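Only one structure is covered here, and it is reproduced in the block below.
Keep in mind it's a predicted model, so treat the numbers as computed, not measured. So that the names make sense, note that chain A is the first sequence line, chain B the second, and so on, each numbered from 1.
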Protein chains: 2
Amino acid sequence: MSAVRASIPTGEHTAVPHAQPRPTSRDVARAAGVSQATVSLVLRGKWHGRVAPGTAETVRAAARELGYRPNVAARDLRLGRRRTVLLVVPALTNEFFARVYTGAARAAAERDVGVVLYPSPEGLGPARDPFESARATLDGVIASSMAPHALAALHDGGLPLVMLDSSPEDTPAAATVNLDLADGMRQVAAHLLGLGHRHLAHLTAGVESWTFALRARALDATLASAPGVRLTRVPAAELSVTGGLRTAERLLGGEPRPTAVVCDDDLLAAGACKAARRLGLRVPEDVSVTGCDDLSLATAVEPELTTVRLPAEDFGAAGMRALLAVLDAHPADTRPLPVRLLPRASSGPAPRTGGTAAPGAAPRSGGAAGRS
Amino acid sequence: MSAVRASIPTGEHTAVPHAQPRPTSRDVARAAGVSQATVSLVLRGKWHGRVAPGTAETVRAAARELGYRPNVAARDLRLGRRRTVLLVVPALTNEFFARVYTGAARAAAERDVGVVLYPSPEGLGPARDPFESARATLDGVIASSMAPHALAALHDGGLPLVMLDSSPEDTPAAATVNLDLADGMRQVAAHLLGLGHRHLAHLTAGVESWTFALRARALDATLASAPGVRLTRVPAAELSVTGGLRTAERLLGGEPRPTAVVCDDDLLAAGACKAARRLGLRVPEDVSVTGCDDLSLATAVEPELTTVRLPAEDFGAAGMRALLAVLDAHPADTRPLPVRLLPRASSGPAPRTGGTAAPGAAPRSGGAAGRS
DNA sequence: TGCCGAAGGTTATACGTAAAACTGATGCCT
DNA sequence: AGGCATCAGTTTTACGTATAACCTTCGGCA
């Protein structure tokens with residue numbers, strides 16, 4: 001029934017033809033019996049002392065009556081602004097990045113800024129260069145987990161750039177906003193050491209990236225101060241449940257077997273749990289597993305995952321605020337966002353009869369992270 | 001150092017008036033020694049027979065040299081087109097909708113159309129009107145799972161509207177694009193009946209919505225032709241793992257206990273599996289569980305979920321193509337998209353000694369969902 | 001009385017682009 | 001020789017908005 005107006009049947013292959021002719025500010029002016037300038041003044045709220053209150057109300061009523069909405073293209077053209085930023089994320093289907101987007105979009109909306117989303121350079125096909133086509137319209141870019149060459153392409157555009165979870169040094173970005181994942185790793189390590197684990201495995205993302213390198217360093221540093229603790233580091237075949245499963249299967253099938261597996265991601269942790277079960281190991285009685293992110297997956301699986309909760313929405317919002325600050329030539333707040341370990345069911349005391357028990361040294365005295 | 005000079009005024013006038021001095025087509029014209037019109041002609045590719053090849057090449061070189069990118073606002077203003085559509089989804093953090101978006105965005109990109117995402121009426125705060133926050137004038141709207149009042153608000157905008165997964169009749173939409181979930185339900189029912197189940201439970205989304213009503217009807221219809229089959233229908237407390245867990249706990253704790261639980265969503269199915277385990281029931285030996293969507297969650301949990309795979313990306317793409325067809329006054333393809341049951345580990349033969357059937361046989365032989 | 005300054009508007013203009021309408025200069029046909 | 005098509009461009013205009021610059025009335029006041 002909806003009266004969708006037939007488009008102009010010219011042979012022209014218009015991508016998207018005119019829909020209904022929308023009322024312009026001039027139409028509103030005509031209806032209210034004033035000039036177009038007055039309409040603009042009133043509707044932009046800059047009329048105090050320049051337009052009589054009664055006239056202003058008349059204009060507003062006319063606009064409402066006609067269902068007037070300003071033409072954004074015309075406004076942006078006139079103001080020479082774009083009020084739009086690009087957010088580049090590896091994949092929206094990863095819940096973490098969906099949450100980052102949500103937070104960023106909300107923070108942007110507060111400042112009346114739009115967000116264009118690129119769900120990865122590959123996401124829209126390699127033929128379309130998102131940066132090329134989008135650059136013309138953007139004020140700035142927030143990028144997450146970019147490969148160096150893509151990053152360089154972004155910077156070539158001369159657009160203000162904010163990087164998420166990247167090295168503050170090695171980047172051409174105007175600012176970086178990070179999560180305090182080093183501290184997260186410290187919390188995980190303290191948690192597991194406190195539970196008596198002495199042989200940890202670190203199931204890494206298997207991706208070359210600053211964040212993941214940072215976590216590895218933080219874990220190493222924490223364990224360095226705990227004597228007699230062994231660490232096995234293994235890169236996952238793929239950053240997915242399946243990848244975690246495959247790699248953890250090898251890891252937990254070998255000897256000596258670690259009593260706890262620290263994973264860089266909840267997906268990997270879920271995979272590790274599956275691997276343990278397939279090998280006949282119980283979680284957490286035989287092996288503890290920890291994840292990172294606190295995806296909804298973490299509480300969907302059995303047992304529920306001990307994990308590091310990342311404030312994804314806040315992270316996106318902080319990135320957006322940093323970019324807007326940069327655009328306003330203000331200093332951006334680049335303090336790392338705090339993260340928190342959420343102990344749940346997938347981690348527990350180290351088994352008494354560890355398959356790896358270091359001979360000689362009594363595992364008793366070294367209990368560093370002693371809970372009082 | 002990137003000299004960042006762009007500025008988005010903070011609501012009041014800021015001293016810094018404009019963004020970076022970006023070259024215009026006039027600058028290109030000056031550099032190439034031609035008029036602005038010629039630049040436009042050449043760069044839009046409409047110069048054949050109107051501009052000499054040598055001149056065209058000169059223009060292109062000048063544009064490249066200056067790093068010229070057309071001003072999208074000006075172009076859109078001139079062409080009176082918007083080349084942007086709004087996609088409304090309940091929540092991006094739901095992987096299904098993230099995939100719908102991805103597919104829609106890809107289909108849009110093929111036609112040089114942009115997508116503005118509106119992650120639920122609640123997503124950006126209730127005060128914000130979707131049209132206002134869409135930082136573009138829109139050509140049309142694709143909406144998914146809308147409450148009737150929100151839907152009416154959308155339609156008031158007078159924009160061409162395509163609905164996803166909605167009744168073709170009761171909607172003001174110009175077109176609807178659906179998944180063939182009735183057939184999906186039929187496949188699930190056939191699968192479970194084939195495995196010998198005679199007491200099914202239907203754990204519904206607990207949301208009033210056309211799709212879910214459709215599934216219930218389809219399940220009823222299929223079971224009607226199977227004599228002696230009992231169906232218990234229970235609405236979930238909430239469309240989430242926790243909701244599924246809570247409701248399934250009551251469902252599986254009662255008597256007589258169903259031997260299979262058909263869930264409207266993978267989240268519910270995951271919750272049902274957790275509930276079964278907490279009650280000491282094995283899946284699928286004691287109770288079979290099926291889901292819907294085939295989220296990545298489905299293969300992350302143990303056992304992996306038998307589920308109905310929905311082609312989410314195709315769905316989004318089909319919605320976008322339907323909208324673009326409507327805008328072109330072409331007929332939209334509104335055939336429902338086929339879905340497919342993926343039998344995995346969470347469903348198996350009905351137990352011999354069902355709580356509802358005659359006792360006698362040993363629950364031994366179960367294990368693999370051995371089906372030829 | 002004459003002048004000033006507000007109040008309450010209006011007119012005119014610019015933003016960058018696309019494209020319609022126009023202009024010269026050729027070359028070719030009859 | 002005259003006319004006309006063709007080529008290779010240029011001038012001009014319009015899109016809808018925001019705002020600077022410009023007009024009228026007034027009332028007040030020295």
Side-chain angles (χ1 to χ4, degrees), chain A residues 8 10 12 14-15 17-30 32-59 63 66 68-83 112 135-137, chain B residues 9 11-14 17-59 63 66-83 112 135-137:
Chain A
I8 314 96
T10 65
E12 298 283 347
T14 346
H18 261 75
Q20 302 186 354
R22 301 170 63 89
T24 72
S25 59
R26 220 175 308 265
D27 296 326
V28 176
R30 201 156 19 230
V34 297
S35 73
Q36 178 266 331
T38 303
V39 172
S40 178
L41 248 20
V42 169
L43 263 31
R44 298 259 26 210
K46 305 203 161 182
W47 56 278
H48 299 279
R50 324 219 351 90
V51 176
T55 311
E57 188 44 52
T58 307
V59 168
L66 292 175
Y68 169 73
R69 302 200 169 271
N71 179 317
V72 179
R75 173 182 291 179
D76 286 354
L77 174 59
R78 176 72 242 266
L79 296 179
R81 91 235 281 198
R82 274 80 72 173
R83 289 209 150 261
D112 192 28
R135 199 187 291 159
T137 212
Chain B
E12 298 305 307
H13 329 50
T14 312
H18 276 297
Q20 294 130 297
R22 183 212 281 276
T24 72
S25 60
R26 222 175 305 267
D27 295 327
V28 175
R30 200 153 22 230
V34 297
S35 73
Q36 179 267 330
T38 302
V39 173
S40 178
L41 249 19
V42 170
L43 263 31
R44 297 266 1 222
K46 304 201 163 186
W47 57 278
H48 300 279
R50 323 212 1 85
V51 177
T55 311
E57 188 44 52
T58 306
V59 168
L66 292 174
Y68 169 73
R69 305 268 113 215
N71 178 316
V72 178
R75 170 181 294 180
D76 286 354
L77 175 59
R78 179 68 245 263
L79 295 179
R81 85 228 293 192
R82 273 77 76 159
R83 70 182 241 307
D112 193 28
R135 297 253 340 107
T137 341

**OP:** Measure the distance from CG on B:Leu79 to P on C:dG16 and round it to the nearest whole Å.
**Re:** 17 Å
Original post:
Would one find a side-chain N or O of B:Arg26 under 4.0 angstrom from OP1 or OP2 of C:dT17?
Top reply: no
Original post:
Is the distance from OP1 or OP2 of C:dT10 to the nearest side-chain N or O of A:Thr38 less than 4.0 Å?
Top reply: yes
**OP:** Using a 4.5 Å cut-off on heavy atoms from C-beta on, say whether the side chain of A:Val72 contacts that of A:Arg75.
**Re:** no
**OP:** Would you mind classifying the nucleic acid contact of A:Arg44 as base, sugar-phosphate or nothing, using non-hydrogen atoms under 4.0 angstrom?
**Re:** sugar-phosphate
Original post:
B:Trp47 versus B:Val59: any side-chain heavy-atom pair under 4.5 Å?
Top reply: no
Subject >> Side-chain donor/acceptor of A:Arg50 to base of C:dG8, under 3.5 Å >> reply: no
Original post:
Nearest-Å distance, CG (B:Asp27) to C1' (C:dT17)?
Top reply: 13 Å
Subject >> Closest-nucleotide ordering on DNA chain D, the 5'-leading residue of A:Ala73 and B:Gly49 >> reply: B:Gly49
Original post:
What is the distance from CG of A:Leu77 to C1' of C:dC15, rounded to the nearest Å?
Top reply: 4 Å
**OP:** Would you please say whether a donor-acceptor pair under 3.5 Å links the side chains of B:Thr55 and B:Thr58?
**Re:** no
Original post:
DNA chain D: B:Ala74 or B:Gly33, which has the more 5' nearest nucleotide?
Top reply: B:Gly33
Original post:
Would a 4.5 Å heavy-atom cut-off, applied to side chains only, mark B:Asn71 and B:Thr24 as touching?
Top reply: no
Original post:
Between A:Arg78 (CZ) and D:dA20 (P), how many Å, whole number?
Top reply: 8 Å
Subject >> Separation of C:dT17 C1' from B:Arg22 CZ (nearest whole Å) >> reply: 13 Å
Subject >> Sugar-phosphate, base or nothing in reach of B:Thr24, heavy atoms under 4.0 Å >> reply: sugar-phosphate
**OP:** Can you tell me the distance, in whole Å, between the CG atom of A:Asp76 and the P atom of D:dA18?
**Re:** 10 Å
Original post:
Of the non-hydrogen atoms in B:Leu41 and B:Arg50, which two are nearest, and what is the gap between them?
Top reply: CD2-NE, 4.5 Å
Original post:
At under 4.0 Å between heavy atoms, what does B:Ala52 touch on the DNA or RNA strands: base, sugar-phosphate, or nothing?
Top reply: sugar-phosphate
**OP:** Tell me what B:Val39 touches on the nucleic acid: a base, only sugar-phosphate, or nothing, going by heavy atoms under 4.0 Å.
**Re:** nothing
**OP:** Select one nucleotide: of D:dG9, C:dT10, C:dA18, the one nearest the side-chain heavy atoms of B:Thr55.
**Re:** D:dG9
**OP:** Starting from P on D:dT17, measure out to CG on A:Leu43 and report it in whole angstrom.
**Re:** 9 Å
Original post:
Starting at CD of A:Gln36 and ending at P of C:dA12, how long is that distance when rounded to a whole Å?
Top reply: 13 Å
**OP:** Could you pick out which residue, A:Leu41 or B:Ser25, lies toward the 5' side of DNA chain C when each is mapped onto its nearest nucleotide?
**Re:** A:Leu41
